[in-house]
Amino acid sequence: MPASQSASEKPTALIALADGSLFYGKGFGRPGETVAELVFNTSMTGYQEIMTDPSYAGQVVTFTFPHIGNTGVNPEDDETNDPVAAGMVVKWDPTEPSNWRAAETLVEWLEKRGRIGIGGIDTRRLTRAIRQQGAPHVALAYNPDGVFDIEALVRKAREWSGLEGLDLAKDVTCSQSYRWDEMRWAWPEGYKKAEGNDLKVVAIDYGAKRNILRCLASAGCDVTVLPATATTEDVLALEPDGVFLSNGPGDPAATGEYAVPMIKGILETELPVFGICLGHQMLALALGAKTIKMNHGHHGANHPVKDLTTGKVEITSMNHGFAVDSQTLPKGVSETHVSLFDGSNCGIAISDRPVFSVQYHPEASPGPQDSYYLFERFATAMRARKA
Ligand SMILES: NC(=O)CC[C@H](N)C(=O)O
């Protein structure tokens, strides 16, 4: 029985792991059932941004920080229209929000937007299980009557084929192109807003977070967003000064089937290219490298990364379960950033061209702002080429 639940309280939600272990708790949000990969996120803030980050499609998120829900939710902090993560796992029942920006409670929001939450879980024990097993496949069920077919849930978790080989970008991308001109609201210390937006950027939406588009606009970009399946010709027809490859869910190797040929075409031009997370992984694939599935991935807002070109360490926000295998980087492509947690690849660049990408999220808000310089680097490269 979880710590926050009294012995008389009947569990209304359940997480069934593929190995048969069960975690009972109290359901909130929309009753139902979902099968997904279970990951943990260590961020102390930003649960709304995490739940609406399209990169979390196909994943249920366990929050290791216990006070989730205490600032409510508001319309401005959505990274896309609706929550995309399949569900959320928290230690305590969400409390009433106490924040001037709160427009509704987390519970109401999840209920309206059709996502399952489970509270009263021993998230330390669950996090240890995730670390030991590697992100497990789970079935998460919420039934206010407290009735569950446990065998069926475990079977569903076991039979789910998982994220490897799964292309989810096509499910979360935009259906048609659009322009973006909104800038960031909060400004990273030491940076100035660009004057004007003279740089034409095509951003490919594999599941783009809104704050990335705001950062591009703030660095002086006039952004046109194209759906994930855009071809090289679609991109070049817009005569951009640079191409941006967004973050997104699923396996880069699967998504790369349409993205990699498009990126290869762009690499034949001299255009500056900047990629984030899934965009980073797909740029690496297009250059001939390989990606691998990590044990439990990196999800949090305090991941130290070393910039190998300057020796400087950045504290970064991360959310990925796959990584670029730096051993497979071809000649002429260098590893520019590494994780100081496990040495995994966190950035690459073509040696003599403004083509670069990072595994982490330099736009993350809330979260550390150390990496905003990458947007300015992209803008500077486009300006240099224009001149
Ligand atoms: N944030 C992202 O873009 C995630 C990329 C990819 N889906 C991964 O899990 O590694």
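Remember, it's 1-based here, ligands and their atoms both numbered in the order they're listed.
The pair Lys156-Glu33 meets the salt-bridge criterion, since a charged nitrogen lies less than 4.0 angstrom from a carboxylate oxygen. Between Arg385 and Glu270, none of the side-chain N atoms (NZ, or NE/NH1/NH2) sits under 4.0 Å from a carboxylate O, so this pair counts as no salt bridge. Here Lys386 pairs with Asp241 in a salt bridge; the nearest charged N to carboxylate O distance falls below 4.0 Å.
In this structure, Val73 shares a hydrophobic cluster with Phe28, Val39, Met44, Tyr47, Ile50, Met51, Tyr56, Val61, Phe63, Phe65, Ile68, Met88, Val90, Leu106, Val107, Trp109, Leu110, the cluster being traced through Ile, Leu, Val, Met, Phe, Trp and Tyr side chains under 4.5 angstrom apart.
Contact analysis puts Gln281 in contact with ligand 1, with a non-hydrogen atom separation below 4.0 angstrom.
The residue among Cys277, Pro249, Ser55, Gly250 with a heavy atom at the shortest distance from atom 6 (C) of ligand 1 is Gly250.
Among protein heavy atoms, the minimum distance from atom 5 (C) of ligand 1 is reached at Gly248 O, 3.2 Å.
If you number the atoms of ligand 1 from 1 as listed, the ones under 4.0 Å from a heavy atom of Phe322 come out as 8 (C), 9 (O), 10 (O). Ligand 1 places these atoms under 4.0 Å from at least one heavy atom of His361: 1 (N). Short contacts between ligand 1 and His320, defined as distances under 4.0 Å to a heavy atom of the residue, involve ligand atoms 8 (C), 9 (O), 10 (O). Close approach to Asn247 involves these atoms of ligand 1, each under 4.0 Å from a residue heavy atom: 3 (O). Counting the atoms of ligand 1 from 1 in the order shown, those under 4.0 Å from a heavy atom of Gly321 are 8 (C), 9 (O), 10 (O).
No donor-acceptor distance shorter than 3.5 angstrom exists from the side chain of Asp145 to the backbone of Val147, with no hydrogens or angles considered. Thr80 places no side-chain N or O within 3.5 Å of a backbone atom of Thr52 that could act as its donor or acceptor partner.
Considering backbone and side-chain N/O of Leu278, one or more are found under 3.5 Å from N/O of ligand 1. Some N or O of Asn319 is nearer than 3.5 Å to an N or O of ligand 1, by distance alone.
For the pairing with Val235, the side-chain contact (heavy atoms from CB on, under 4.5 Å) check across Thr224, Leu271, Val243 returns one residue only, Val243.
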